[in-house]
Amino acid sequence: MSAVSKTTLKDVAAHVGVSAKTVSNVVNDTGWVTDDLKSRVREAIAELGYRPNVAARKLRSGRSGMIAVALPDLSQPYFAELASDLVRAAQERAITVLVNQTDGREDAERRIAEGIDLPVMDGLILSPLVLSASDFENRVDATPLILLGEHVGKTQLPHVAVDNSAAARTAVEHLLSLGRRRIAAIGAQQAGPNETSVLRLGGYRDALAAAGIEMDPDLIITVDEYRRADGAAGATRLLDAGISFDAVFAFNDLLALGAMHVLTERGVGIPEEVAVMGFDDIEEARYSTPALSSVAPNTRELARIAIELLRTNPPVPGVYPVPFTIAQRASTVGGTS
């Protein structure tokens, strides 16, 4: 049969030798169909050139097949990689994603949360830096909303996040296990949206306390932003002040990479003299010199959970934890890893 002919769903069913309902289940990702049968149906769809009537299908289901994702800053590698994972997870479920950037502005976050200036969406995914739980209590828009990240608090919405405090504690415990005792923390923030800083600093403090080490305020380095330049400036301050330290826990990978740049320039051996640990496990961490150890949140699982939550009607409120691991590389354990 020609690929340009008007192939119908029944044609595909006849070709495979199954019911039209089975083909419909494969096309719409509904019902239960074995993996082998799904594969055969999809091969027949490709071979026969069947094109589902998407508009009619959406009209019947009452769904647009589109969601909106809003993240703070797509120039940050972590958020760019997270956006990619969310788009991939959505595409696997035949969902189109409209990606937005809020720049951490209250007005931008609020407009996304209320669906303002957006076409009809089946759901919204927002990683807020400014809005908190109370801001969502009187939300007018009824579009399902999933929250990502740590800056949320208790809310009646689904919330998908890594336990930042536990992850930071585990990262510092890794450094302590290597015999490091003077661990600098680069990433404290005193103003603006600082929930990430508060939680990661708390985990740092807890790990030291459990090891019987008193926290030294001189080792806490504040930053304005979580960028390479801020990490470089933090390491410079430590070195110029003559503060003794044998490890750095940076609150994200960009801070860690900036700190490593300065340490290398100043002739400080990594990890022989100073071990360096980041957070986020961005792709660049694997290709830095030395390769950067980092807290590795499972962003693919985060994306899967968020997209799956939007497919339930309505999404079930609650906190959905995302697993993390410690990616041990040369910046803490040496070698060429």
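Side-chain contact check for D280 versus V295: every heavy-atom pair is 4.5 Å or farther apart. Inter-residue side-chain proximity for I186 and F251 is flagged as unmet; no heavy-atom pair is nearer than 4.5 Å. Using a 4.5 Å heavy-atom cutoff, the side chains of N298 and F324 are not in contact. Residues P317 and L157 are not in side-chain contact: their nearest non-hydrogen atoms beyond the backbone lie 4.5 Å or more apart. Side-chain contact between L86 and L148 is present, with heavy atoms from C-beta onward closer than 4.5 Å. D240 is listed as a side-chain neighbour of R266, based on a closest heavy-atom distance under 4.5 Å. Side-chain contact between N25 and K21 is present, with heavy atoms from C-beta onward closer than 4.5 Å. The closest side-chain heavy-atom distance from V26 to V23 is not below 4.5 Å.
Between the OG1 atom in T143 and the CD1 atom in I112 there is a gap of 11.0 Å [rounded to 0.5 Å]. Between S165 atom OG and D163 atom CG the span is 6.0 Å, to the nearest 0.5 Å. In this structure, H159 NE2 and L147 CG are separated by 6.5 Å, a value rounded to the nearest 0.5 Å. Here the OG atom belonging to S84 is positioned 11.0 Å from the CG atom belonging to L74, to the nearest 0.5 angstrom. Atom CG of L178 and atom CG of L175 lie 6.5 Å apart (nearest 0.5 Å). S294 contributes atom OG, which lies 7.5 Å from atom CD1 of I282 (distance to the nearest 0.5 angstrom).
In this structure a side-chain-to-backbone donor-acceptor pair under 3.5 Å is missing from T299 to L302. T22 places no side-chain N or O within donor-acceptor distance of the main-chain N or O of V18, the cut-off being under 3.5 Å. Formation of a donor-acceptor pair under 3.5 Å by the Y320 side chain with backbone atoms of L309 is not found in this model. Of the possible donor and acceptor atoms, none in the side chain of T7 sits under 3.5 Å from a partner among the backbone N and O of G49. In this structure, T8 contributes its side chain and D11 its backbone to a donor-acceptor pair below 3.5 Å. Within the 3.5 Å criterion, the main-chain N or O of Q189 finds a donor-acceptor partner in the side chain of N194.
L257 and Y287 fall into different hydrophobic clusters, where Ile, Leu, Val, Met, Phe, Trp and Tyr are joined by side-chain heavy atoms under 4.5 Å apart, directly or via other members. Taken together through direct or relayed side-chain contacts under 4.5 Å among Ile, Leu, Val, Met, Phe, Trp and Tyr, V198 and L129 form parts of separate hydrophobic clusters. V140 and L145 fall into different hydrophobic clusters, where Ile, Leu, Val, Met, Phe, Trp and Tyr residues are linked whenever their side-chain heavy atoms come under 4.5 Å apart, directly or through other members. Hydrophobic clustering, with ILVMFWY side chains joined whenever heavy atoms are under 4.5 angstrom apart, keeps V162 apart from V319. Under the 4.5 Å side-chain contact rule for hydrophobic residues, I116 and L124 do not share a cluster.
A side-chain contact (heavy atoms from CB on, under 4.5 Å) with F279 holds for exactly one of Y78, Y226, F249; it is F249.
Here the closest heavy-atom approach between residue G104 and residue E109 is recorded as CA-OE2, 3.8 Å. Contact between A68 and N100 at its shortest, heavy atoms only, is CB-ND2, 4.1 Å. Summarising the geometry of R139 relative to P144, their closest heavy-atom pair is NH2-C, 4.4 Å, with the distance given to 0.1 Å. Contact between S288 and M260 at its shortest, heavy atoms only, is OG-CE, 3.7 Å. Considering all non-hydrogen atoms of both residues, E81 and D281 come closest at OE1-O, 4.3 Å. Taking all atoms of both residues into account, the shortest heavy-atom contact from Q76 to L254 is OE1-CD1, 3.0 Å.
Here salt bridge (Lys or Arg N to Asp or Glu O under 4.0 Å) pairs that include residues 220-235, with residues two or more places apart or in two chains, are D73-R227, E225-R227, R228-E284.
At most 12 heavy atoms of other shown residues, nucleotides or ligands fall within 6.0 angstrom of atom CZ in R300. Summarising the local packing, CD of Q156 is surrounded by 12 or fewer heavy atoms from other residues, nucleotides or ligands at distances under 6.0 Å.
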Mind running side-chain contact (heavy atoms from CB on, under 4.5 Å) on L37 and V16 for me, showing each step along the way? CA-CA 9 Å; L37 191 50; V16 181; 4.2 Å; yes

Evaluate E43 against R40 for salt bridge (Lys or Arg N to Asp or Glu O under 4.0 Å), listing each step before the verdict. CA-CA 5 Å; E43 287 176 3; R40 288 168 52 203; over 6 Å; no

Assess whether side-chain contact (heavy atoms from CB on, under 4.5 Å) is satisfied between M277 and I326, documenting all intermediate values. CA-CA 9 Å; M277 166 68 70; I326 300 297; 3.8 Å; yes

Please test V172 against D206 for side-chain contact (heavy atoms from CB on, under 4.5 Å), starting from the C-alpha separation and ending with a verdict. CA-CA 9 Å; V172 177; D206 291 346; over 6 Å; no

Verdict with reasoning, E92 to R88, per salt bridge (Lys or Arg N to Asp or Glu O under 4.0 Å): CA-CA 6 Å; E92 290 172 354; R88 185 178 294 108; 5.6 Å; no

Given the rule in the salt bridge (Lys or Arg N to Asp or Glu O under 4.0 Å) test, do R110 and D135 qualify, once you have shown the distances and angles that lead to the verdict? CA-CA 8 Å; R110 199 175 297 279; D135 294 304; 3.4 Å; yes

Would R304 and D85 count as a salt bridge (Lys or Arg N to Asp or Glu O under 4.0 Å) if you check the C-alpha gap in whole Å, the side-chain angles of each, and the deciding distance to 0.1 Å? CA-CA 8 Å; R304 185 196 68 78; D85 286 335; over 6 Å; no

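Side chains of H174 and T332: a donor-acceptor N/O pair is present below 3.5 angstrom, by distance only.
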